[in-house]
Amino acid sequence: MLTILSFVAIVCLGFLLRVLGVVRREDAKALNAVIVYTGLPALVFRAVHGASPTSQALGVVAFAWGCFAVLFVVSSVAARLLKLPEKQAGSFVLAASLGNTGFIGYPMAENILGAAAVPFAVFYDVFGTVLQLVGVGIPTARRYGGATKAGFFEGARELLAFPALLAAVVALAMRAVPVPVLVGDWLEVLAKMVAPLVMLSAGISLKPATVADSLGPLAVLAVLRLLAGPVLVLLAGRLFGMSGTEYSTVLLQVGMPSMMLTLAVGERLGLDGDFIASAVFVTTVASVVTIPLMQFVAQVAVC
């Protein structure tokens with residue numbers, strides 16, 4: 001809870017800086033670029049390097065895609081039932097189906113489950129959430145946002161050029177090669193700046209009026225993002241007798257708040273950026289309660 005509250009405080013700091021005129025809303029785009037092209041690849045490389053794609057890790061990836069598929073379909077139906085405008089509907093689907101499994105998921109996994117859970121959290125994020133964003137999220141944003149149609153090769157190029165994915169592939173290829181201490185220290189510095197910068201960017205982008213005007217849809221989105229996925233995993237765990245660190249990691253990751261990168265993608269492709277920023281803020285604040293709650297429910301279910 002304290003970890004998440006520290007992130008919320010940074011969001012509020014970003015919002016305060018914008019209100020005081022120190023920064024403008026457009027400045028968040030520069031922060032997003034720094035995150036995507038420097039901090040996030042360093043974070044992914046450090047986590048993946050030395051990790052082997054075991055059967056348990058591949059099982060985590062399979063679970064990540066299964067949960068995403070369910071949430072994507074349910075959120076698409078919910079957006080129709082709520083009769084949201086097209087651009088806001090696309091924002092709703094992306095924010096509800098994609099979680100912040102990297103920026104918040106990694107430190108949460110380490111703080112709550114221990115260091116053994118970090119490789120599983122990374123596989124869930126990089127080969128689950130990141131691929132879902134690029135392979136499904138971007139085409140969905142184009143369709144709802146009214147952007148020009150993209151061909152197969154354009155989509156493939158975006159997938160192959162995504163910095164976090166490239167970092168994961170390089171880390172796996174070099175997993176038997178020791179990283180020099182100087183390089184490792186440099187990567188650690190870059191990796192540690194990711195979480196503060198992403199929350200600062202969310203605060204700079206936040207508009208309280210959008211939160212007030214969209215309370216209904218945001219409440220539905222928060223339930224889907226924070227509770228529906230963990231409940232689904234809990235039911236699957238009871239049904240198939242699942243246990244272990246990989247199962248606990250999936251349960252934790254599927255209940256993360258909305259993915260910050262959906263804001264950068266949505267704004268670029270014509271979606272409602274104000275709504276996405278509000279979704280990131282609301283779900284991050286609410287996760288202070290829902291993450292400990294679902295961990296407690298999981299412990300009771302095991303007992």
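Just so it is clear, the structure is predicted and the values come from calculations on it, not from any experiment.
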When rounded to the nearest 0.5 Å, the distance separating NZ of K87 from CD1 of I276 is 11.5 Å
Using the ring-ring contact (aromatic ring centres under 6.0 Å, His included) criterion, which residues pair with F127? Sequence neighbours excluded. F123
Please report the shortest heavy-atom distance between G229 and V254, naming the atom on each side. C-CG1, 3.5 Å
Report the distance from atom CZ of F72 to atom CG of L94, rounding to the nearest 0.5 Å. 7.5 Å
Residues A167 and F45: closest non-hydrogen pair is O-CD1, 3.7 Å
Can you give me every donor-acceptor pair (side chain of residues 185-203, partner residue at least two apart or in another chain, under 3.5 Å) with its distance?
residue: E188; atom: OE2; partner: K192; partner atom: NZ; Å: 3.2
residue: S201; atom: OG; partner: N32; partner atom: OD1; Å: 2.8

For the backbone of R25 and the side chain of R18, can you confirm whether one donor and one acceptor N or O come within less than 3.5 Å of each other? no
Consider only side-chain heavy atoms of I, L, V, M, F, W and Y, link residues closer than 4.5 Å, and tell whether L31 and V22 are in one cluster. yes
Shortest non-hydrogen pair, A116 vs P119, comes out as O-CD, 3.5 Å
So which atom in A109 and which in A117 form the shortest heavy-atom distance, rounded to 0.1 Å? O-CB, 4.0 Å
Working to the nearest 0.5 Å, report the span between CD1 of I104 and OG1 of T283. 7.5 Å
Considering all heavy atoms of both residues, which atom of S287 and which atom of P292 are nearest to each other, and what is their separation? O-CD, 3.6 Å
Identified side-chain contact (heavy atoms from CB on, under 4.5 Å) counterpart of L98 within the set M256, M260, Q132: Q132
Within this structure, what is the OH-CZ distance for the pair Y124 and F68, rounded to the nearest 0.5 Å? 10.0 Å
To the nearest 0.5 angstrom, please state how far the CG atom of D272 sits from the CG atom of L263. 10.5 Å
Closest contact, heavy atoms only, A121 versus T249: N-CG2, 3.5 Å
Is there a side-chain contact between M174 and V179, using heavy atoms and a 4.5 Å cut-off? no
Kindly indicate, with the supporting measurements, whether the criterion side chain to side chain contact (heavy atoms under 4.5 Å, CB included) is fulfilled by L221 and V282. CA-CA 9 Å; L221 187 153; V282 168; over 6 Å; no
Does any part of the side chain of F120, heavy atoms only, come nearer than 4.5 Å to the side chain of S248, both counted from C-beta? no
Got a sec: does the CG of L182 have more than 12 other heavy atoms crowding it under 6.0 Å? no
Side chains of S97 and S75: do they bring a donor and an acceptor to under 3.5 Å? no
Single-linkage hydrophobic cluster, 4.5 Å side-chain cutoff, L224 and L215 together: yes
Any side-chain heavy-atom pair of N100 and Y106 under 4.5 Å: no
Linked, directly or transitively: F92 and L71 (ILVMFWY side chains, under 4.5 Å): no
Please check if V73 and L235 belong to a single hydrophobic cluster, counting links between Ile, Leu, Val, Met, Phe, Trp and Tyr side chain heavy atoms closer than 4.5 Å. no
So, do V289 and L226 sit near enough that their side-chain heavy atoms are less than 4.5 Å apart? no
Between atom CZ of F275 and atom OG1 of T262, what is the distance when rounded to the nearest 0.5 Å? 10.5 Å
Kindly work out whether a path of hydrophobic side-chain contacts (I/L/V/M/F/W/Y, heavy atoms less than 4.5 Å apart) joins V233 to V223. no
Sequence neighbours excluded, the answer for salt bridge (charged side-chain N to carboxylate O under 4.0 Å, His left out) partners of K207 is D274
Going through the distances and angles, do L234 and L251 end up as a side chain to side chain contact (heavy atoms under 4.5 Å, CB included)? CA-CA 7 Å; L234 281 172; L251 176 63; 3.9 Å; yes
